[in-house]
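First comes the structure, then the notes that go with it.
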2 protein chains.
Amino acid sequence: MDIKTTCLAILSRADASGYEIKKAFEDGPFSHIQDAGFGSIYPALSRLRDDAHVTVTEMPQNGRPGKKVYSITPAGRMALIDALAQPSMPDRYRSDFLFRTLFANLLNPSDLETMIETRLAELREAVARMENCATCADLEPGEKFVSGMGLSVYRAMLDYIEEHKIELIGASLMAGAAQ
Amino acid sequence: MDIKTTCLAILSRADASGYEIKKAFEDGPFSHIQDAGFGSIYPALSRLRDDAHVTVTEMPQNGRPGKKVYSITPAGRMALIDALAQPSMPDRYRSDFLFRTLFANLLNPSDLETMIETRLAELREAVARMENCATCADLEPGEKFVSGMGLSVYRAMLDYIEEHKIELIGASLMAGAAQ
DNA sequence: TTCGTAATATATCGGAACGATATAGGAAAG
DNA sequence: CTTTCCTATATCGTTCCGATATATTACGAA
């Protein structure tokens, strides 16, 4: 899914500025499954404007740099529907954390343990945040599905690490003793 | 984790050609957590050679374009250990599939169902492949940990989609009827 | 009060990475 | 016998992303 389509999709829900699109990637239901920085969003919006898939309305905001609100056009909506109907790219997961665990023998055990505990804390926080989500009751079906999937996956990771971390640390201790 | 470090890590296990490094990303224990194409690997190897972190031995292979076997140097090993000790980047997950489900209302129900069944088939195949893994018994601890985590996560996804797909398709049918 | 920090807001640059593609011989399959 | 697949290296253009620059408001701390 390229960034142009992603921006179009967000704009199909509501008009937004580049900044608000960025926020949608950070906080909203997209946060766990897509990401984009300003360096991707602004060029994408420019190209979408060139293609007449969005229009821009500049709103002078008393002093502050004028807020540029982007709106999807009918042509943009058609392009979006077309792009969404195409076969989807396979999911991609990149994990520095897991890559490092593969080379746990090159890490000293205390660093490894710190790394694991940090990850556990992050996962616990993510799970807690998603469980106590105030707006979770009145989400629309698609958002509920994605959010539920996220929670389910985070729980699986959390449980797995808690159950098996001891094996990993044990192996690291033995590797250190062998040297 | 940049590609240079990733290549170094693979070379720390065994000498390899660029092609073999690519295969390690496709088949090996790395396949689910890191990826790189030739367009990333070859420039990375060139830069590693410039930094004296690897050496190259060209093996003329009776006619075929000479195989270039890369070996990690002591300096490379130190750079690797240094890089592995640094705090890890947060995991990143990108899913076209889940992004599309967020916009299920823009898809027609039969396309949506096809998409979901395709994903279920992929997940079932991945789980089956990991369960019947011939070499799983004699994996080293780090590889066992990562592989087990992968299996656990794939199962969680599979179960979740099977349990909740009906809600998603139902919502899509209603959206179609409303139009 | 003044200072610093965070939030709002847009935008660009350079480098890293990726997909597609070119090249080429050997092996296996049809 | 010919097409396709596997081994193997390499580059090119596009896309992407992190870092950075700029500017104003607001709020709390020193």
Side-chain angles (χ1 to χ4, degrees), chain A residues 1-8 10-11 15-27 30-31 34-51 54 56-70 83 86-94 96 99, chain B residues 1-8 10 15-27 30 34-51 54 56-70 83 86-94 96 99:
Chain A
M1 191 80 80
D2 60 25
I3 289 208
K4 283 206 295 181
T5 307
T6 314
C7 287
L8 269 187
I10 291 172
L11 290 175
D15 294 353
S17 65
Y19 187 79
E20 286 163 343
I21 291 175
K22 179 78 199 311
K23 273 202 306 182
F25 282 117
E26 278 164 3
D27 312 320
F30 314 100
S31 56
Q34 291 289 335
D35 193 22
F38 290 123
S40 314
I41 292 170
Y42 285 114
L45 289 172
S46 295
R47 277 179 287 141
L48 285 171
R49 201 187 39 197
D50 294 344
D51 300 344
V54 300
V56 195
T57 314
E58 193 149 1
M59 306 197 124
Q61 289 243 277
N62 51 297
R64 273 213 266 335
K67 185 177 183 174
K68 288 185 186 170
V69 175
Y70 294 84
Q86 277 172 235
S88 52
M89 301 262 89
D91 285 17
R92 298 176 66 178
Y93 176 62
R94 300 289 262 272
D96 263 33
F99 189 79
Chain B
M1 191 81 82
D2 60 24
I3 289 208
K4 283 206 295 182
T5 307
T6 313
C7 288
L8 270 186
I10 291 172
D15 293 354
S17 64
Y19 187 79
E20 286 164 342
I21 290 175
K22 179 77 199 310
K23 275 202 304 182
F25 282 118
E26 277 164 4
D27 312 320
F30 313 101
Q34 290 289 335
D35 192 24
F38 290 123
S40 313
I41 291 170
Y42 286 114
L45 289 172
S46 296
R47 276 179 288 143
L48 285 171
R49 200 187 40 197
D50 295 344
D51 299 344
V54 300
V56 194
T57 315
E58 192 149 0
M59 306 196 125
Q61 289 243 277
N62 51 294
R64 273 213 266 335
K67 186 176 181 176
K68 290 184 185 170
V69 175
Y70 294 85
Q86 279 172 236
S88 52
M89 300 263 89
D91 285 18
R92 297 176 67 177
Y93 176 63
R94 300 289 262 269
D96 263 32
F99 189 79

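Every chain is numbered from 1 and lettered A, B, ... according to where its sequence line falls, protein lines coming before strand lines.
Considering CZ of B:F30 and CD1 of B:I21, their distance stands at 10.0 Å, rounded to 0.5 Å. The CD atom of A:Q34 sits 8.5 Å away from atom CD1 of A:I3, with the distance rounded to the nearest 0.5 Å. Within the model, atoms OG of A:S17 and CD of A:E58 stand 11.5 Å from one another, a figure rounded to the nearest 0.5 Å. Separation of atoms CG (B:D50) and NZ (B:K4) is listed at 8.5 Å; rounding is to 0.5 Å. Between the CD atom of B:E20 and the CG atom of B:D27 there is a distance of 11.5 Å, given to the nearest 0.5 Å. The distance from the NZ atom of B:K22 to the OH atom of B:Y42 is 9.5 Å, given to the nearest 0.5 Å.
Atom-to-atom, CZ of A:R94 to P of D:dG18 comes out at 12 Å; the value is rounded to the nearest Å. Following rounding to the nearest Å, A:I3 (CD1) and C:dC18 (C1') show an atom-to-atom distance of 13 Å. Remark: C1' of C:dT8 and CG of A:D27 are 13 Å apart, rounded to the nearest angstrom. Straight-line distance from the CD atom of B:E26 to the C1' atom of D:dT7: 12 Å, rounded to whole Å. Nucleotide C:dT10 holds its P atom 10 Å from the CD1 atom of A:I41, rounded to whole Å. Rounded to an integer number of Å, the gap from B:F25 CZ to C:dA17 C1' is 12 Å. In this structure, B:M1 atom CE and C:dA16 atom C1' are separated by 16 Å, rounded to whole Å. The distance between atom CZ of B:R49 and atom C1' of D:dT9, rounded to the nearest whole Å, is 12 Å.
Side-chain N/O atoms of B:Y19 include none lying less than 4.0 angstrom from OP1 or OP2 on D:dT9. In this model, the phosphate group of C:dA17 is approached by a side-chain N or O of B:R47 to a distance below 4.0 Å at OP1 or OP2. Listed pair B:S17 / D:dT9 meets the phosphate criterion, a side-chain N or O lying under 4.0 Å from OP1 or OP2.
Across C:dC18, D:dA8, D:dA10, the shortest atom-to-atom separation from the side chain of B:K67 is found for D:dA8. Across C:dA11, D:dT11, D:dT7, the shortest atom-to-atom separation from the side chain of A:Y70 is found for C:dA11. Side-chain proximity of A:E20 to C:dA9, C:dC18, D:dC16: nearest is C:dA9.
Taking the charged nitrogens against the carboxylate oxygens, B:R92 and A:D96 have no contact shorter than 4.0 Å, which rules out a salt bridge.
A:Y93 and B:D91 share a side-chain donor-acceptor pair at under 3.5 Å.
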Please list, pair by pair, any protein nitrogen or oxygen found under 3.5 Å from a nitrogen or oxygen in nucleotides 19-23 of chain C.
none

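A cation-pi contact, defined as under 6.0 Å to the ring centre and within 45° of the axis, is absent between B:K67 and B:Y19.
For the pair A:K4 and B:K68, nearest-nucleotide mapping onto DNA chain D gives the more 5' position to B:K68.
Counting only distance, with no hydrogens or angles, the side chain of B:T5 and the backbone of B:M1 share no donor-acceptor pair below 3.5 Å.
Paired runs in DNA chain D that reach 3 or more consecutive Watson-Crick or G-U pairs, where each pair keeps both distances under 3.5 Å, cover C:1-30 with D:1-30.
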